[in-house]
Amino acid sequence: MCTGACSKFIAIPLYILALVSMICNIILFFPDFDTKYAAAEGQITEEVKYMGGFIGGGIMVLIPAIHIHLTSAKNCCANRCGMFLSIGFAAAGVLGAVYSLSAAALGLSNGPTCFWSNILSPIPKWGTPFANSSGSYLSDKDQWSWCRVPENVVEFNVGLFSTLLVAACLELVLCAIQMVNGLFGCICGTCEMTGIPSPTLSSSPSSSPLS
């Protein structure tokens, strides 16, 4: 596969993954699909405020994806210089993906902020009941009932943070591949398919005119 075609193959999934990351991060601000928690103080999961999906997996991947896509377009960036620049853009995408991955992993590990209580802490209060569990609550669904409000917030956070985690991993792999692809394109150049003109045969007169 040509380096230009490979760039296009990488850029299109990056568009989708960046969009998914941004949407997931925005939805995380509205647990139970209600805006009142975002407006209140201390009722939103802290890792959501890091904006890992919107900034890291979103904007920091979307901008490189645009340039990477342009390296597959004729008469634009499909040249050695464009490929060289794509290495730097892809590296920025890697950093963004790592940031999104870190925020999502931390969000899964600490769990959601909710109005909770259990046997050891019978007085309901707002907080992060699974912060010291090292993620063990993920395999013990009985603990999920500790969170009273917002309703089903544990499932809500686990689903969206897991989606962010998977998207960030895919973005990381694709951007890393583009760094290698950009290096090959910078050294070897892009291979554009150009049409080969068919030879034209000039016909000569078979015989000279008789006087």
Side-chain angles (χ1 to χ4, degrees), residues 13-65 90-176:
L14 284 179
Y15 288 141
I16 299 172
L17 292 170
L19 184 62
V20 168
S21 296
M22 295 171 77
I23 291 173
C24 285
N25 201 151
I26 292 171
I27 294 176
L28 278 166
F29 277 98
F30 308 105
D32 201 20
F33 300 100
D34 199 326
T35 59
K36 65 182 180 181
Y37 303 108
E41 183 69 25
Q43 296 184 9
I44 290 293
T45 303
E46 193 66 27
E47 289 76 19
V48 176
K49 301 175 185 177
Y50 296 167
M51 302 290 284
F54 191 87
I55 297 175
I59 295 174
M60 290 183 67
V61 170
L62 183 60
I63 295 174
V94 167
L95 293 177
V98 169
Y99 178 56
S100 179
L101 190 151
S102 302
L106 199 58
L108 282 173
S109 177
N110 291 337
T113 296
C114 60
F115 191 67
W116 70 282
S117 65
N118 58 18
I119 298 175
L120 298 178
S121 301
I123 301 176
K125 58 184 177 181
W126 282 97
T128 310
F130 312 118
N132 299 319
S133 68
S134 300
S136 62
Y137 78 96
L138 293 169
S139 58
D140 187 359
K141 292 188 177 181
D142 291 335
Q143 296 183 25
W144 295 11
S145 61
W146 293 0
C147 286
R148 314 292 184 184
V149 178
E151 189 176 354
N152 299 322
V153 68
V154 179
E155 293 92 330
F156 182 83
N157 270 35
V158 168
L160 290 173
F161 274 126
S162 297
T163 302
L164 282 174
L165 192 70
V166 172
C169 289
L170 293 175
E171 288 172 340
L172 182 61
V173 171
L174 289 172
C175 287

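Values in this document were obtained by computation on a predicted structure and should not be read as measured data. The first residue of the sequence shown is numbered 1, and numbering continues consecutively from there.
Note that OG of S133 is 6.5 Å distant from CD of Q143, once rounded to the nearest 0.5 Å. Summarising the geometry, atom CZ belonging to R148 is positioned 8.5 Å from atom CG belonging to N118; distances are rounded to the nearest 0.5 Å. Considering CG of L19 and SG of C24, their distance stands at 9.5 Å, rounded to 0.5 Å. Distance check, rounded to the nearest 0.5 Å: CG of L101 to OG of S21 gives 10.5 Å.
The shortest distance between side-chain heavy atoms of L28 and L164 falls below 4.5 Å. Put simply, the side chain of L138 does not reach to within 4.5 Å of the side chain of F130, judged on heavy atoms. Residues W146 and C114 form no side-chain contact, since every pair of their non-hydrogen atoms from C-beta on lies 4.5 Å or further apart. Using a 4.5 Å heavy-atom cutoff, the side chains of L174 and P13 are in contact. Inter-residue side-chain proximity for P64 and L14 is flagged as unmet; no heavy-atom pair is nearer than 4.5 Å. In this structure the side chain of L106 never reaches within 4.5 angstrom of the side chain of F161, judged on heavy atoms. Two residues are said to be in side-chain contact when any heavy atoms from C-beta on lie closer than 4.5 Å; T163 and V20 meet this criterion. Side chains of N25 and M51 form a contact here, defined as non-hydrogen atoms less than 4.5 Å apart.
Contact between D32 and P150 at its shortest, heavy atoms only, is CB-CB, 3.9 Å. A pairwise comparison of heavy atoms in P31 and V153 identifies CB-CG2, 4.1 Å as the closest pair. Residues V61 and G93 share a closest heavy-atom pair of CG2-O, 3.8 Å. Between C147 and P129, the shortest heavy-atom contact is SG-CG, 4.0 Å. The shortest heavy-atom contact between A92 and M60 is O-CE, 3.7 Å.
Under the side chain to side chain donor-acceptor pair (under 3.5 Å) criterion, S162 pairs with no residue, sequence neighbours left out. A search for ring pair (Phe, Tyr, Trp, His ring centres under 6.0 Å) contacts involving Y15 returns H69, not counting sequence neighbours. When the ring pair (Phe, Tyr, Trp, His ring centres under 6.0 Å) test is applied to F115, the partners found at least two apart in sequence or on another chain are W126.
N110 and E47 share a side-chain donor-acceptor pair at under 3.5 Å.
Judged by distance alone, the side chain of T45 and the main-chain N or O of T113 form a donor-acceptor pair under 3.5 Å. In terms of modelled atom types and a separation under 3.5 Å, the side chain of S102 and the main chain of V98 share a donor-acceptor contact. Y99 contributes a side-chain N or O that, together with a main-chain N or O of Y50, makes up a donor-acceptor pair within less than 3.5 Å. Remark: the backbone N or O of Y137 is paired with a side-chain donor or acceptor of W144 at under 3.5 angstrom. Although no hydrogens or angles enter the test, the distance criterion places a donor-acceptor pair under 3.5 Å between the side chain of S145 and the main chain of D142.
Looking at N157, V158, N152 one by one, the single match for side-chain contact (heavy atoms from CB on, under 4.5 Å) with E155 turns out to be N152.
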Check your understanding: Given the rule in the side-chain contact (heavy atoms from CB on, under 4.5 Å) test, do I26 and F54 qualify, once you have shown the distances and angles that lead to the verdict?
Key -> CA-CA 7 Å; I26 292 171; F54 191 87; 3.9 Å; yes
**Study point:** Candidate pair I27 and L160, rule side-chain contact (heavy atoms from CB on, under 4.5 Å), full reasoning
**Key:** CA-CA 8 Å; I27 294 176; L160 290 173; 3.6 Å; yes
Exercise for review: Mind running side-chain contact (heavy atoms from CB on, under 4.5 Å) on K125 and W116 for me, showing each step along the way?
Suggested key: CA-CA 6 Å; K125 58 184 177 181; W116 70 282; 3.5 Å; yes
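Atom CG of N132 has 12 or fewer neighbouring heavy atoms from other residues, nucleotides or ligands inside a 6.0 Å radius.
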